[in-house]
Every structure is written in C-alpha cells, then in structure tokens.
Amino acid sequence: MPPDDSSAASSSTASAEIYTKALQGRYELGRVLGRGGSSKVYRARDVRTGVHVAVKAVRKPHHPCSPEDAAAARRSVERELAALRRVQGHPHVVRLLDVLASRTTVYLVLDLARGGSVQSALEERGRSDEPMARRLFGQLVSAVAHAHARGVFHRDVKPENLLLDERGDVKLTDFGLCAFADRQLGPDGLTATSCGSPAYVAPEILLKKRYDPGKADVWSCGVVLFSLTAGYLPFNDGNLMGMYRKICSGRFRCPKWFSMELRSLIRRMLDPEPSTRIKVGEIFDHPWLHKDGMPFPITPAASPHPTPEVVKWEAESELAREINAFDILTFASGCDLSGLIGTLTDRVRFVVSGINAKSVLDKLEELGREEGFAVRRKEEEGFGGVLFEAIGEKFVAQVSVHPLHEELLLVEAERAISEKEPKFWKKLQASYKFSTN
Ligand SMILES: Nc1ncnc2c1ncn2[C@@H]1O[C@H](COP(=O)(O)OP(=O)(O)OP(=O)(O)O)[C@@H](O)[C@H]1O
C-alpha cells in the first residue's frame, strides 16, 4: 500500500535506510516493517526531530464497499486509537506519538520497536530460558494489568503483538480488537464478541459463552508463556477442530525442562474454567515470577533521555496531537457524512481565538440561511457542526468547530458536492480571515 499523501515528497538516506516519500511534510517513510489485515507499517523519520518512528497506515475501505464494512473498519481504527490513548504512559505499551489522516488512510505514528516481535525472535532464536522468559512475561503481564486497570482488554495477546525495543524490552501493541470495560461489556461485566487468534483464544470464547475479557487475556498470556519457554504451542493439532477440542478440554503437556514453579503457573493460567483461573493481579504473587529475586510489580524501565529538541517538540506538539487524533477522524474525515467523502472537492481549515464555539456556529448558521441553504446544526458541549444543503441543487458542505484549548477553536469546512462557489464560503473566509490548505 503506497503512502497516498502527495503534498510533499523528498528523498534522503540515513544509516543505510532509504526514506522517500514525506507524509504531509512531517514523516519521511522508509521500508515496510510489517503488514496487518488492513494495514502496513513503515519505518519512518520525523522530519522535525530526526527521531525514527513507526507509521502504521490503516487504509479506509475501498469504495464501493458495504456500509457495514465501512462502519466496521472505522470502528476498528477508532477503537485502536481510543485504546492506545487510554493505555499510554506504561513502559511496556507502545507509545502513540501522533495521528494523521488523509481521505483514504489513517496513519498512527508509534514508537519504533527496533527489536522486531517476540514471534520473530522465537522463529529466529528458538525458545527462551526461564530467566529470559520471566523478564519478557513479567513485562507483558505488567502491560496487560495496566490496560485492564484503564478499562481496556486487549483480546489479541500473542507473540506477533509483542514488539521488542532496542534493549529487548516488550512493547504491547495492536489494540484493534480490544474491548472497553465501559462500552462492550454487559452489566455482568461479560462480553460475547468472539475474537483473537485461534491458538491463543480462551475456551470460553470458542464455546461462544459470555466471557470475562480480563480472564481471556490471562489465558492468552498463558499460551504466550508456554510458547516462549517450550518453543511450541501448548494446543496444536493438524486440524482446527482438533486444536479447539484440546483448548476446550485444557489438555496440554509441559516439556520435561519446565521447572515445577513454571508448570504450576502455566496450569493456573491455562485453566479452562474461567472462575478458577488465576487473576491477572495474582500472577505477580506467583513464586515463579520471584525466582530470580526480580521485583514485582515491575517498576518502569529507566526512560531513555530524550534530547532537548525532542522535549521541546513534544511540548509544542501536545496541542497538535490533540487536534490530530479524533478530530481528524470524526470531523475532517466526515464520519457523519461518510457517504460524501469520495467526492470532496474543497477543504479549508483555520483556527480562531477569543470566541466560543456557540458564537461561531451561530454565525455559520446565519450565513447559511442568508443564502437559502437548508441548515442542520449539531451542537455538543463546547463544539459542534453545521451541515449546509442547497435544496434542489448539487451542493453540500459541512463546517465543524472543535475546541483545541480554552478560547481556541479549530474550524474546518468541507465542500463535498459543489457546482458553484457559494457566497457564504467567501463570507466565512472574510469573517475569520482564514487561509486555505
Ligand atoms: N511500532 C512498531 N515498530 C516496529 N514494527 C512494528 C511496529 N508496529 C507494528 N510493527 C510491525 O508490523 C506488523 C503488523 O503490525 P500490527 O500488528 O500493528 O498490524 P495489525 O494490527 O496486525 O494489522 P491489522 O489490524 O490490519 O490486522 C507487526 O507484526 C510488526 O512486525
């Protein structure tokens, strides 16, 4: 999937890495690091700071596609973003640095994990010894417990989603299948959505029962621990049904080199009965995790010292990050007007200060009515949007207002179907003296 942004292009090299296209003038994209179902992950470099990052390009579904598919794709990327935002701040969760969007693609800018994934390490170097597995597993469980504490259940814990940084520390990634405690769960705290990768999926999910997603994550972590230390999966079979049967009965054999403590922990995690399965918080107390005298819960790894430029840029970009993430997705990309996105012909974006959102929306409404447009207003606390339609003519536009900070608003106007330049367009520009981009 080539990056689709053509607003700026450049070419440069650094440490034998070739960077070609620049994404919105901000990130130079290099080679492809990996691929997912609907995404491609590029190595990239931040043009302003020179910092190397990973850019996950998630393509919106091609048109035409069913409204259900489009909605599912949108939900998935929105869910991943919402989850990443909630779980930020843990040393073993991948950091979300920025979000950009174009009409066809959403770009998540993430910390670059230079050590590849635990899966590739397993394939290249084979199983880990217990001390090494203890370190990786402790970091994983610490990240999962942190996510649970923030109301996020990963639901796709597997070695491919455990990345390694340059020091070999784990970074949990790919929250595209996660569940939120306050959204997907019923009043009983259970969910019914089946997801995850077959070999790592808990039996209650396969049996299509309502399940506790926290307990299902514990099961998947147990499969990861087994695979790390055995070098193969606990439940495997030539055919999928055979594997499902083994998972549901919880039938597996530990290799002879497993210590007693490791066997005990794995049996507690791979307990097919969720009610007796060990809870994530109890794992930290298990003797296996204390064998090398390792302190638990894991204290945050010493953070690499960022350069002063990075610190400055991070402070400056705090605001920009706020603008970029959901606002671009839910406003600029027109979630409310998704059917029109393919025909956008014009877009303007400007920032106004010293005025509240309601006044801007009132002004917009007035201008639209003066020109005879059907005006629909959507107002929410502190922000909102106005949709303009010319009755009987081909013209649709929307203007969204979104707060960036106190008394600082982002106003974005999109013209979707247009045969003429509306007067209100010019008046709007004159009112706020904004420039197009
Ligand atoms: N931050 C990162 N640093 C380095 N490599 C990464 C990073 N994120 C992802 N990758 C690489 O890209 C691959 C795919 O990424 P990811 O798992 O996020 O995609 P996916 O979520 O599986 O895609 P989809 O949700 O569309 O199925 C990973 O297995 C890994 O090899």
Side-chain angles (χ1 to χ4, degrees), residues 1 3 15 17 19 23 27-46 51-62 65 69-85 87-88 90-101 104-125 136 139-140 143-144 147 152-179 193-201 220 224 227 304 329:
M1 182 200 329
S15 1
E17 189 74 29
Y19 293 94
L23 186 61
Y27 299 97
E28 291 176 325
L29 299 185
R31 72 191 156 89
V32 173
L33 294 167
R35 288 181 168 79
S38 55
S39 65
K40 248 188 197 179
V41 180
Y42 298 87
R43 189 184 163 102
R45 189 171 53 188
D46 186 326
V51 168
H52 294 262
V53 294
V55 171
K56 179 168 175 172
V58 186
R59 207 166 165 85
K60 295 173 190 170
H62 293 292
C65 76
D69 286 352
R74 196 166 66 215
R75 270 199 306 277
S76 164
V77 72
E78 284 174 353
R79 188 189 299 142
E80 181 160 11
L81 266 171
L84 276 171
R85 285 186 138 200
V87 299
Q88 289 301 283
H90 189 276
H92 301 300
V93 171
V94 74
R95 258 192 328 157
L96 174 69
L97 304 172
D98 202 354
V99 184
L100 307 171
T104 57
T105 310
V106 175
Y107 302 92
L108 310 186
V109 182
L110 304 163
D111 265 340
L112 176 66
R114 293 167 195 265
S117 68
V118 168
Q119 178 62 30
S120 53
L122 259 173
E123 282 163 13
E124 284 157 25
R125 301 195 285 274
L136 297 177
Q139 296 179 349
L140 163 64
V144 169
V152 176
F153 303 99
H154 190 283
R155 299 202 296 187
D156 197 17
V157 173
K158 57 180 178 181
E160 290 93 324
N161 290 334
L162 308 180
L163 303 177
L164 297 167
D165 68 11
E166 60 280 8
R167 293 182 305 187
D169 284 333
V170 168
K171 302 282 173 188
L172 179 61
T173 192
D174 195 359
F175 285 79
L177 288 177
C178 77
T193 319
S194 50
C195 52
S197 306
Y200 297 85
V201 154
S220 307
V224 169
S227 308
L329 280 170

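As the structure lists them, so they are numbered: ligands from 1, and atoms in each ligand from 1.
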How long is the gap from [atom1] on [X] to [atom2] on [Y], to the nearest 0.5 Å?
{"X": "T173", "Y": "K56", "atom1": "OG1", "atom2": "NZ", "value": "6.0 Å"}
{"X": "S117", "Y": "E123", "atom1": "OG", "atom2": "CD", "value": "7.0 Å"}
{"X": "H52", "Y": "E28", "atom1": "NE2", "atom2": "CD", "value": "9.5 Å"}

K171 side chain to P91 backbone, donor-acceptor under 3.5 Å
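It does hold such a pair.
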
V157 side chain reached by Y200 side chain, heavy atoms, under 4.5 Å
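The answer is no; the side chains never approach within 4.5 Å.
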
Using side-chain heavy atoms (C-beta onward) and a distance below 4.5 Å, is L81 in contact with V99?
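Side chain of L81 against side chain of V99, heavy atoms only: contact under 4.5 Å found.
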
Report each N/O pair between ligand 1 and the protein that falls under 3.5 Å, naming both atoms.
{"from": "ligand 1", "atom 1": "1 (N)", "to": "D111", "atom 2": "O", "distance (Å)": "2.8"}
{"from": "ligand 1", "atom 1": "3 (N)", "to": "A113", "atom 2": "N", "distance (Å)": "3.0"}
{"from": "ligand 1", "atom 1": "17 (O)", "to": "N161", "atom 2": "OD1", "distance (Å)": "3.4"}
{"from": "ligand 1", "atom 1": "17 (O)", "to": "D174", "atom 2": "OD2", "distance (Å)": "3.4"}
{"from": "ligand 1", "atom 1": "18 (O)", "to": "K56", "atom 2": "NZ", "distance (Å)": "2.7"}
{"from": "ligand 1", "atom 1": "19 (O)", "to": "K56", "atom 2": "NZ", "distance (Å)": "3.4"}
{"from": "ligand 1", "atom 1": "21 (O)", "to": "K56", "atom 2": "NZ", "distance (Å)": "2.7"}
{"from": "ligand 1", "atom 1": "21 (O)", "to": "D174", "atom 2": "OD1", "distance (Å)": "2.8"}
{"from": "ligand 1", "atom 1": "21 (O)", "to": "D174", "atom 2": "OD2", "distance (Å)": "2.7"}
{"from": "ligand 1", "atom 1": "22 (O)", "to": "D174", "atom 2": "OD2", "distance (Å)": "3.1"}
{"from": "ligand 1", "atom 1": "23 (O)", "to": "S39", "atom 2": "OG", "distance (Å)": "3.0"}
{"from": "ligand 1", "atom 1": "26 (O)", "to": "G37", "atom 2": "N", "distance (Å)": "3.1"}
{"from": "ligand 1", "atom 1": "26 (O)", "to": "S38", "atom 2": "N", "distance (Å)": "2.7"}
{"from": "ligand 1", "atom 1": "26 (O)", "to": "S38", "atom 2": "OG", "distance (Å)": "3.1"}
{"from": "ligand 1", "atom 1": "26 (O)", "to": "S39", "atom 2": "N", "distance (Å)": "3.4"}
{"from": "ligand 1", "atom 1": "26 (O)", "to": "S39", "atom 2": "OG", "distance (Å)": "3.3"}
{"from": "ligand 1", "atom 1": "27 (O)", "to": "G37", "atom 2": "N", "distance (Å)": "2.7"}

